[in-house]
Amino acid sequence: MAAAPKSMHRSSSRPQLDVSGAAIQGNLEERDPSILLPNQSDDISHLALDIGGSLIKLVYFSRHADHSNNDKRKKSLKERLGISNGNRRSYPILGGRLHFVKFETRKLNECLDFISSKQLHRGGIDLHTWHSPDDNAIIKATGGGAYKFADLFKERLGVSIDKEDEMDCLVAGANFLLKAIRHEAFTHMEGQKEFVQIDHNDLFPYLLVNIGSGVSMIKVDGDGSFQRVSGTNVGGGTYWGLGRLLTKCKSFDELLELSQRGDNRVIDMLVGDIYGGMDYSKIGLSASTIASSFGKTISENKEPSDYRPEDISLSLLRMISYNIGQISYLNALRYGIKRIFFGGFFIRGHAYTMDTISFAIHFWSKGQAQAMFLRHEGFLGALGAFMSYEKHGLDDLMAHHLVERFPMGAPYMGGMIHGPPLGDLNEKISWMEKFVRKGTEITAPVPMCPPGTTGVGGFERPSSKGDTLRSDASAAFNVGVLHLVPTLEVFPLLADPKTYEPNTINLSDHSELEYWFTVLSEHMSDIVDKAVASEGGTDDAKRRGDAFAHAFSAHLARLMEEPAAYGKFGLANLLELREECLREFQFMDAYKTIKQRENEASLAVLQDLLMELDSMSEEARLLSLIEGVLAANIFDWGSCACVDLYHKGTIIEIYRMSRKKMRRPWRVDGFDNFKERLLGSGDEKPKTHKRALLFVDNSGADIVLGMLPLARELLRRGTEVILVANSLPALNDVTAMEIPEIVAEAAKHCDILRKAAEAGGLLVDAMVNIQDGAVENYASAPLMVVENGCGSPCLDFRQVNSELAAVAKDADLVVLEGMGRALHTNFNARFKCDTLKLAMVKNQRLAEKLVQGNIFDCVCRFEPAV
Ligand SMILES: Nc1ncnc2c1ncn2[C@@H]1O[C@H](COP(=O)(O)OP(=O)(O)OP(=O)(O)O)[C@@H](O)[C@H]1O
Ligand SMILES: CC(C)(CO)[C@@H](O)C(=O)NCCC(=O)O
Ligand SMILES: [Mn+2]
């Protein structure tokens, strides 16, 4: 890597913010105070702009240093397993984040201040391709403002604007989003939002309708292949402009909010108004259909001020949305296109707007064409401009490289925080406290039940009741920060990656969401206690603990109110959100001490257990080992029932009790099949597995008394074993970093483990030998550790660490252990190799739903390779 720019702050995992001189701009009591960090700059940033007639959209990328290659153990593992970066391209981009921010074009100065305060225009100093020969910074920009304001940018920031064509950018942005973001597109009909799985092989042609100030309609036939087929000057600017004149509203959001309480019958002339209350059924028009938008105002002797602004706003919104829908339909018809994607900030995630457009498309096409919306609606152009930078490698990004995260500010209204979450802890906490104090936690849903009909062509009334209009002041109200992780890959052993869905529980079922809301809320104080204790229980830790509790509660409340607020959100995402939220408040490992204590207690009895196992016959031993894994899986700090148990006994006592209660058949009992696969039946000796991936769960008894003895058995049978564990802590789950120490301790009492660990380079002393290239000299099959790339109690096999993906290629046995990885997620997942799923169910509801059983039932599911 080339020399780092002066302003760069080296940081371990996340960009550190420079908060010196941080100030809240404007009045604290204002609805949207903005916090500016004048001296902050991200590690390295790259910026692209779309300067439109109404809004300026900014997409910027902050990169952070990659430390993953410095690890000695990892290097040796890579050598041992023959993993090189050879078959993968080396990425010119490193991991980083894409942030989305917008400003009003009339407040261009705020935007310039923002760019200069974050030093975004100085990004990419180390990549000369991003600079002109005279070393002037260049920013890619599109939209009319790229022309109009080029001189101003030069003057104020000293940067040259590299102009990119607006239509090129819109199309590039849309294609990128549809390709790279898994649940980017959705339909919105009668208040129901549904995410659409886009088939990349069947995407084109589509009609892209970008509703900005004006509207462009583009027929897209492929990457870079398109034609602007139409447009209309009646667009977002028209709604905002006319609305402003007619209602005296001060902001777009105010206007939109008004519409939610409007009744358009006062303004619009309905068919019934003309036909004396009757339908005109011969041509399919009901009495409630709007015959003429604003038509009713001609017949009355009223001034504009005699009409309620609410009603005016609603009529206007309907008129414009419907009109755009209709013209879009006509163009789709003209080119025989079935799919229409709508972008642009006029949509603003507003349910009523989307319903109206969808209705128009559906009505006129008689259900033949479909309107779809995009989560990053207004950022298409800016993203496209960003993509136009050469050699950043982003065009190769796939869905599995991107993880969207919702920082703590996401659920709150107002509070214009530009850019990444405040990295300085104190800033974050104060921000949190400020909102709690102001009581503006979550916007109350604005009921949206206009009395009576507002229909067009039988569209009786807006069905999007209870819709919430969220302040749009935060960077983007329903898009998170996109984390780019080039080292993530699809797990190659998935039988059918296309249809794979990790979550077994569907959170879009509201009762399910409610249930988890309650579980997580009840669990909150325990987690906060542990987190605070893990940081020494200081006042500072308590303050952070409070802030975490508020932030996570706010996320929960936000999701309860609008389940699709964060896109398609499964239980795995929800549990990960909690862990991420803890990390945001710098609780790096809330269960650290508990994990240590449990590891020690378990290691102390390991030797006895191994002796007992060694005295058994092969068959009895195998059963005992599986029983052991299931029994030890009882230790789960994520389960309320287990947390209760901990108050009643020591972990060894609980483990013994749990073992004693083991009764076969288990609720799901595939043990005999597994046994047959391993030991064979009769004289037939089955083929030994070459390599097993053991996805481990908890620390303590779970790993030490459950999974390690199982690993030892496989090793003894000549199978290579790779323990796969979390990259980051989640609850009391064991992490990949912690395992070598545990194994080293266990190896003191066991030759098999010691030899295997040495062969696998797990014992630090043994590292010297390995570097001599003496790998082949080990008699034992190796025991190794690989991280899974995630920091959640669940696992999404679409996005695993590339090292795991690499070692998986030669694996022929996968063992998934624990509720999070084997039940909440992946219970229904099928793999190309033999798979054993082992878990104790520690949740009554899940037991009933998934296995028609009860809490503390066990699952041992064996599925031969497909
Ligand atoms: N906070 C806001 N302020 C102003 N307009 C907003 C706001 N939020 C949404 N809008 C709507 O979004 C429209 C602008 O959308 P968008 O940013 O996609 O277009 P633009 O790029 O500014 O315009 P054009 O592409 O025609 O130059 C506005 O005309 C208005 O209808
Ligand atoms: C002029 C642009 C392309 C600027 O974004 C847009 O506002 C637009 O497409 N307006 C509609 C112009 C027309 O086709 O009637
Ligand atoms: Mn635009």
Side-chain angles (χ1 to χ4, degrees), residues 77-78 80-88 182 398-401 403 485-504 570 572 629 670 673-674 677-678 686-697 707 710-711 714-715 717-727 736 760 781-790 792-818 820-839 859-866:
L77 177 80
K78 281 190 174 175
R80 185 173 317 277
L81 294 167
I83 309 171
S84 65
N85 290 334
N87 49 355
R88 279 195 307 128
R182 198 168 286 120
M398 301 296 286
H400 58 262
H401 294 132
V403 182
V485 196
T487 53
L488 290 179
E489 277 177 40
V490 179
F491 189 62
L493 293 174
L494 276 180
D496 186 2
K498 272 220 169 78
T499 58
Y500 169 79
E501 163 61 50
N503 291 289
T504 35
V629 170
N673 299 336
F674 177 63
R677 171 61 188 87
L678 249 64
K687 212 174 126 221
T688 309
H689 287 114
K690 183 176 178 310
R691 178 183 289 175
L693 303 180
L694 270 52
F695 289 80
V696 298
D697 185 8
M707 290 304 268
L710 179 63
L714 293 168
L715 289 164
R717 307 175 59 77
T719 302
E720 286 178 27
V721 175
I722 297 179
L723 299 172
V724 186
N726 266 22
S727 302
L783 173 65
M784 289 166 278
V785 179
V786 162
E787 58 178 305
N788 59 17
C790 103
S792 148
C794 297
L795 192 57
D796 182 341
F797 276 105
R798 290 170 302 201
Q799 301 188 286
V800 301
N801 190 286
S802 53
E803 260 164 49
L804 170 56
V807 300
K809 284 178 187 130
D810 289 322
D812 48 4
L813 174 63
V814 161
V815 181
L816 294 180
E817 190 231 357
R821 294 169 191 81
L823 303 182
H824 284 146
T825 49
N826 305 313
F827 187 61
N828 303 316
R830 298 305 304 267
F831 297 88
K832 288 181 192 155
C833 64
D834 289 349
T835 308
L836 184 65
K837 294 169 185 166
L838 296 172
V859 171
C860 168
R861 186 186 239 194
F862 180 68
E863 291 152 333
V866 293

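What you see is a predicted model, and the numbers here were worked out from it, not measured in a lab.
Separating the CG atom in L813 from the CG atom in L694 is a distance of 7.0 Å, to the nearest 0.5 Å. Between atom CD of residue E489 and atom NE2 of residue H400 there is a gap of 6.0 Å, rounded to the nearest 0.5 Å. For the atom pair CG (L678) and CG (L836), the distance works out to 9.0 Å, reported to the nearest 0.5 Å. The CE atom of M707 lies 10.0 Å from the CZ atom of F695; values are rounded to the nearest 0.5 Å. Taken from CE in M784 to CD in E803, the straight-line distance is 11.5 Å, to the nearest 0.5 Å. Summarising the geometry, atom CZ belonging to R798 is positioned 12.0 Å from atom CG belonging to L488; distances are rounded to the nearest 0.5 Å.
Put simply, the side chain of T835 reaches to within 4.5 Å of the side chain of K837, judged on heavy atoms. Considering only heavy atoms from C-beta on, F797 stays 4.5 Å or farther from V490 through its side chain. Between L804 and E787, the closest side-chain pair of non-hydrogen atoms is not below 4.5 Å. A heavy-atom distance below 4.5 Å is found between the side chains of F831 and L816. The side-chain heavy atoms of T504 and N828, taken from C-beta on, include a pair separated by under 4.5 Å.
Tested against N788, the residues N726, D796, N801 include a single side-chain hydrogen bond (donor to acceptor under 3.5 Å, both in side chains) partner, N726. Across R677, R717, E720, a single residue satisfies side-chain hydrogen bond (donor to acceptor under 3.5 Å, both in side chains) together with H689, and that is R677.
The six-membered or imidazole ring of F491 lies away from that of Y500, with a centre-to-centre distance of 6.0 Å or more.
Of all non-hydrogen atoms in A808 and L493, the two that sit nearest each other are O-CD1, 3.4 Å.
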